[in-house]
Structures are given as C-alpha cells and as structure tokens.
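Count residues from 1 along the sequence. Order of appearance sets the numbers: ligands from 1, and atoms from 1 within every ligand.
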Amino acid sequence: MSPSPGAVGELFRARFGGTADGVWLAPGRANLMGEHTDYNEGFVLPFALGQGIVAAAARRADRRLVLCSAQEPDCLLEVALDGLARGGVTGWAAYPAGVAWALAAAGYQVPGACLAIDSDVPAGAGLSSSAALECVTALVLTELAGLSVDRRELAAIARRAENEFVGVPSGIMDQTASLLGRRGHALLLDCRSLETAQVPFDPAASGSCLLLINTRARHELRTGEYGQRRAECERAARLLGVPSLRYLTGVGDVDRLTDPVLRRRARHVVTDDQRVLEVVALLRSSDGDVYPEIGRLLTEAHVSLRDDFEVSWPEADVAVDAAVDAGALGARMIGGGFGGSVLALARSEEAGPVRAAVAEAFAGRSWTAPEFLDATPSASARRMALG
Ligand code: GLA
C-alpha cells in the first residue's frame, strides 16, 4: 500500500546525494458514483485509494525543479522555474512544473527543489495518477516554502496546472479526492458550491468488498473524446437555457432537447447526479445491508455511461458483465472512460470467483490479463514519517 518512504528516500540519496527534507504522499482515487458530473457542477462521490505517489524532496538554492522517478530510473529531468509557460514542458514533468507555475500564478512563491518520486498507482488506469503527482508536488513545494495553503485552494491550483499548463480539460474531482479523502469514508463533493461531506463507507463491515479491475486498456484524457463530451454537455445546457446541467430538476427536463445525442448525454448527467445522492442516502441510512442496492446502482450507472454517455470500452463492458454474472452485487467503469478501470462490489466470499470469471473472460478473448487491485477508502495526501 503506497511505496515505502524508506525506498524513495534511498532513491533520493542515490540520485541527488544527501538526505531529503521529508517524504510526502498523495493517493490516487476511485470514484464510487458520479462520472462526468464534476464539470457539469454536479455531485461526485470518490474515495482516496491506499495506492499513491510518494516524493522524497529537498529544497534547492537555485530556481530549478529536478525530478527523478523509480519508474524511469535512468532519467533525470530539469525544469527552470522562471519563465515557465503553458505547453512549455512535455512528458510527465509537465505536471510538477505546472503545479509550480499555478502556485506562482496564485501568488505563492515556491523554491527550487529536488524530488525523487515513486508510485504504485498504475498510469493510464483511470486512477488519477496525474492528480496524485500534482497533489504531492503541491504539498512538497508549499511545505518546503513554509506556506500553509488551504486544501481546497490547493486542489484548485493542482487542477489549474492540469487544465491550463498541461492542457487536459478535467474537472475538480480527482485533486479534491486526493487532498480531502478520509480513511473509511467516501467524499461527497458538490461541484457547484464546492461543499464537501465525509460519508462513512466501510463495505467490509457488512461482509462486502470492493474490487478494482485495471482492464489494461490505457486511457488518455488528451485524446479529445473527453473534451468533446464536455462540449456536448455545455451545448445541451445552453440549449436548455441553464448555466450547467446541474440546474436541471429532473430527467424529464432533457426531453426538451431535440438532438438525440445531446439528450442522451444530458440524461446520463442528470441520472448520475441522482445516483450519487441515492448512494449517499443508503450509506447514511441504518436500514440493514445497503450494499445489494448500491451494487444495483453501480451497474445501472455503467449502462448509462455505456449507452447514454458512450464513454465505455469493450474490456470494461466485458469485465462488468463477467463480474455481475459471477455474482458481484454490481460493477461499473470509473473515471473519464475510453480505457482504465472497473470498480466491482461483491460479497467478500464472492471476490475470488468474480476475479476468476473476469480473468477467464479476458483470456477467452486473448486480451492482456486484467490487473486486480485493492480498493480501500484511505487517508488523503500527507507528509509521511521518514523510516
Ligand atoms: C477524469 C477527470 C475528472 C472527471 C472524470 C469523469 O477522471 O479528471 O475530473 O471528469 O474523468 O468523472
């Protein structure tokens, strides 16, 4: 569960000499409910994962950011902090550089730094490795500068780095989950007011468990489909005369859209917003075992993402069907879509058969074997004890 601070401290010593000033961690996230709702000012219900990105870091006297990573051991990347411009840095260094740029744009002066990075969030798996990298950099740079910045503001700064510096038009969900998640909880975020609430979420206590299935079809938010969905939602809202799809009061409102594609897109957003609130109500209720109903809502959300929002991909559809056929309570694709991961909910005793069924369905199609990951609602980004 997240790379060890000791190992990343070693990497720091090997690449930079000397000892790091500290080690910081930012988790990836999975989303229980509410997909493509964040940029429509709707509701999302993500949780921070136990997997994350750790950075051992130290302040530098000059104005450079120097980066190395356990995933690319032969590579040392250097970025000059003065004169940073949008699109001026490519590859993964763009994320930390973008955070330094966005911090400066928000008026925070941060120093040069050396960062040694290690990760156990698979990249391209829809688990927000990018947001984790942004958030860990934001914590490192502000703490090395001796600044204390509110976490909501830090999430907005990290998102700005991604939107404006890297050029990915994502919403606010991933950075908020990484910076505000809590162990044993899902985070309800109202993306219009930016209000948050911690919702107790402990499937194990009811004999259920979460399975995260990396379908190994890589997802890439920059390929344009994500931006296209955003544009379609904005067009639908304009045609309906509302500032965003969040302002629709019921699914009947979307019938006023004559374009069938826009109608489907809007229907997904309205129904997924409702599903978030339903799951929250279930988790907060004391009506016995709520997980079968949450599972049903997960599968319903998958159908909506597949048929109305059209962001699913073949491996996700097969994983969901195989999981449900093998006895899972429900399952759905998570994240932006077009590749990435599926989240399944199952009775603990069904976890083995569900995994086996998904693996078999992939093998039968000669697809790369899926990767099964633990999905435990975990704590948010933080400084770690060295050791
Ligand atoms: C990606 C984006 C998020 C959100 C999801 C879809 O993860 O980064 O902001 O839009 O897709 O829910």
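Electrostatic pairing of R235 and E232 does not count as a salt bridge here, judged by no charged N lying under 4.0 Å from a carboxylate O. A salt bridge is defined here as a Lys NZ or Arg NE, NH1 or NH2 lying under 4.0 Å from an Asp or Glu carboxylate O, and E225 with R229 meets this definition.
Checked by distance only, ligand 1 and D174 come closer than 3.5 Å through their nitrogen or oxygen atoms. In terms of polar-atom proximity, H36 is counted as a contact of ligand 1, with an N or O under 3.5 Å from an N or O of the ligand.
Near R29, with a cut-off below 4.0 Å to any heavy atom, the atoms of ligand 1 are 7 (O). If you number the atoms of ligand 1 from 1 as listed, the ones under 4.0 Å from a heavy atom of D38 come out as 3 (C), 4 (C), 9 (O), 10 (O). For ligand 1 and G335, the ligand atoms under 4.0 Å from any heavy atom of the residue are 6 (C), 11 (O). Atoms of ligand 1 lying under 4.0 Å from at least one heavy atom of S170, given by number and element, are 2 (C), 8 (O), 9 (O). Taking every non-hydrogen atom of Y39 and a distance limit under 4.0 Å, the qualifying atoms of ligand 1 come out as 10 (O). Near M173, meaning under 4.0 Å from one of its heavy atoms, ligand 1 places the atoms 4 (C), 5 (C), 12 (O).
Rounded to the nearest 0.5 Å, atoms CZ (R159) and CD (Q175) are 7.5 Å apart.
When heavy-atom distances to ligand 1 are checked against a 4.0 Å cut-off, Q175 has no atom that comes that close, whether in backbone or side chain.
Identified under the side chain to side chain donor-acceptor pair (under 3.5 Å) test for residues 103-119, with sequence neighbours left out: Q71-D118, Y108-E153.
Ring planes of Y39 and Y226: perpendicular class, angle over 60° (limits at 30 and 60°). Between W367 and F362, the angle of the ring planes goes over 60°, which puts this pair in the perpendicular group of the 30/60° scheme.
With sequence neighbours excluded, the residues forming a side chain to side chain donor-acceptor pair (under 3.5 Å) with T215 are W313, listed by chain and number.
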